[in-house]
Each structure stands twice: as C-alpha cells, then as structure tokens.
Amino acid sequence: MTRLVGFYPGSFDPVTNGHLDVIERACKLVDRLIVGVGVSATKKPLFAHEDRIELLKQTLAPVGKRTDTEIEIIDFQGLMVQAAREHGAKLIIRGLRDTTDYNYEMQMVGMNAQMA
C-alpha cells in the first residue's frame with residue numbers, strides 16, 4: 001500500500017499555535033508528514049536553527065502519536081519544491097491567514113507546478 005507523504009515548509013521562528021493547528025490537520029490527510037525548517041542566508045531569525053528544530057521535535061512527538069502519523073523534521077535550503085521531491089512528498093501543506101496569503105500562495109502554486 002502506498003503511503004501519502006506531505007511536506008510542510010516554514011521558518012517556524014517561532015513555532016506558533018497556528019503552525020501546530022496546520023500540522024494537526026495535515027496529519028489527518030497524510031501517513032507521513034515532513035516538516036521542513038528552511039535555512040535562509042538573508043533572514044535574521046529570532047531563534048537559532050537548531051533550537052527551532054529541537055522545539056519542533058519536542059512539540060510534535062505527541063501529535064504524531066495521537067494522530068498515528070510519522071512526523072519527521074528536516075532542514076532544507078533552496079527551493080521548497082525540490083526538498084519536497086527529495087523526501088517523496090506528493091502533497092505540499094501551507095497555512096493561510098488572510099487573502100494576501102491566498103493570493104501569494106496561488107502564485108506559488110503555479111510556479112511549483114511548472115517546476116514539479
């Protein structure tokens with residue numbers, strides 16, 4: 001049986017209740033969720049990269065158990081679509097706060113579809 005793998009990218013600086021809500025909901029859709037913590041040379045994060053990964057590991061372990069979903073936290077640089085492909089993801093998870101996010105994400109969908 002083929003397992004559905006999802007990819008949820010972000011900076012998670014810091015991880016918020018909104019992120020946790022999206023992850024909890026995503027776990028209902030996929031068998032395995034890859035949470036990709038992006039590394040950017042141009043952004044100055046509030047928390048160190050290693051601290052964000054550790055915080056996600058601690059926070060998401062109970063979510064994975066509760067939802068019976070395998071959750072893996074990785075770091076990635078470069079294109080999100082390439083990182084998703086490298087980890088076998090067939091679904092990209094994104095959160096939306098408002099119509100500005102929606103309009104931006106629709107543009108990203110078009111670019112990602114061309115690359116993938």
Side-chain angles (χ1 to χ4, degrees):
M1 181 174 169
T2 304
R3 296 177 359 127
L4 182 59
V5 178
F7 187 81
Y8 182 42
S11 63
F12 305 102
D13 186 37
V15 63
T16 65
N17 287 333
H19 293 127
L20 298 176
D21 182 57
V22 170
I23 290 167
E24 184 96 26
R25 292 169 187 254
C27 286
K28 296 176 184 175
L29 301 173
V30 300
D31 302 298
R32 181 171 180 239
L33 181 64
I34 309 296
V35 177
V37 181
V39 177
S40 173
T42 60
K43 291 186 179 179
K44 297 287 185 201
L46 181 62
F47 292 101
H49 184 75
E50 297 78 18
D51 293 340
R52 289 181 276 153
I53 288 178
E54 186 58 36
L55 183 58
L56 282 167
K57 285 179 181 177
Q58 292 175 11
T59 307
L60 298 182
V63 175
K65 287 181 184 174
R66 184 172 55 252
T67 61
D68 195 30
T69 305
E70 180 185 344
I71 300 176
E72 180 181 356
I73 294 108
I74 60 125
D75 55 7
F76 74 98
Q77 288 183 316
L79 297 175
M80 178 252 333
V81 71
Q82 183 61 35
R85 182 183 293 131
E86 288 172 5
H87 288 85
K90 300 294 180 193
L91 182 66
I92 294 174
I93 309 292
R94 299 293 290 163
L96 299 174
R97 295 169 290 203
D98 55 25
T99 56
T100 303
D101 283 353
Y102 177 80
N103 292 332
Y104 172 78
E105 291 299 334
M106 289 307 293
Q107 293 174 9
M108 295 302 293
V109 165
M111 288 188 287
N112 288 332
Q114 288 180 343
M115 289 186 275

- Query: Which value, rounded to the nearest 0.5 Å, describes the distance between D31 atom CG and E70 atom CD?
  - Reply: 9.5 Å
- Calculate, to the nearest 0.5 Å, the distance between atoms CD1 and CD1 belonging to I23 and I93 respectively. 10.0 Å
- Message: Measuring only between side-chain heavy atoms, which start at C-beta, is L91 closer than 4.5 Å to V5?
- Response: no
- Residue pair C27 / T69: nearest heavy atoms and the distance that separates them: O-OG1, 3.2 Å
- Message: Rounded at 0.5 Å granularity, tell me how far CZ in R3 sits from NZ in K90.
- Response: 14.0 Å
- Search all heavy atoms of P9 against all heavy atoms of I92 and return the closest pair with its distance. CD-CG2, 4.4 Å
- Query: Would V39 and F7 show up in the same hydrophobic cluster when neighbours are defined by side-chain heavy atoms closer than 4.5 Å?
  - Reply: no
- Query: Is there side-chain contact between Y8 and I34, with heavy atoms separated by less than 4.5 Å?
  - Reply: no
- Minimum heavy-atom distance V63-T67, with the two atoms named: O-OG1, 2.8 Å
- So, for G6 and A89, which heavy atoms are closest and what is the spacing to 0.1 Å? C-CB, 4.1 Å
- R32 side, atom CZ; H87 side, atom NE2 - distance, nearest 0.5 Å: 7.0 Å
N/O donor-acceptor pairs under 3.5 Å from side chains in residues 49-60, not counting sequence neighbours:
{"residue": "H49", "atom": "NE2", "partner": "D75", "partner atom": "OD2", "Å": "3.2"}
{"residue": "R52", "atom": "NE", "partner": "F47", "partner atom": "O", "Å": "3.2"}
{"residue": "R52", "atom": "NH1", "partner": "S11", "partner atom": "O", "Å": "2.8"}
{"residue": "E54", "atom": "OE2", "partner": "Q58", "partner atom": "NE2", "Å": "3.2"}
{"residue": "T59", "atom": "OG1", "partner": "L55", "partner atom": "O", "Å": "2.7"}

- Under 4.5 Å between any side-chain heavy atoms of V37 and I74, yes or no? no
- Item | For G36 against F12, the heavy-atom pair lying closest together | O-CE1, 3.5 Å
- Item | E86 CD to F76 CZ distance, which is reported to the nearest 0.5 Å | 10.5 Å
- One should read off an interatomic distance between L79 CG and R85 CZ, to the nearest 0.5 angstrom, of 9.0 Å
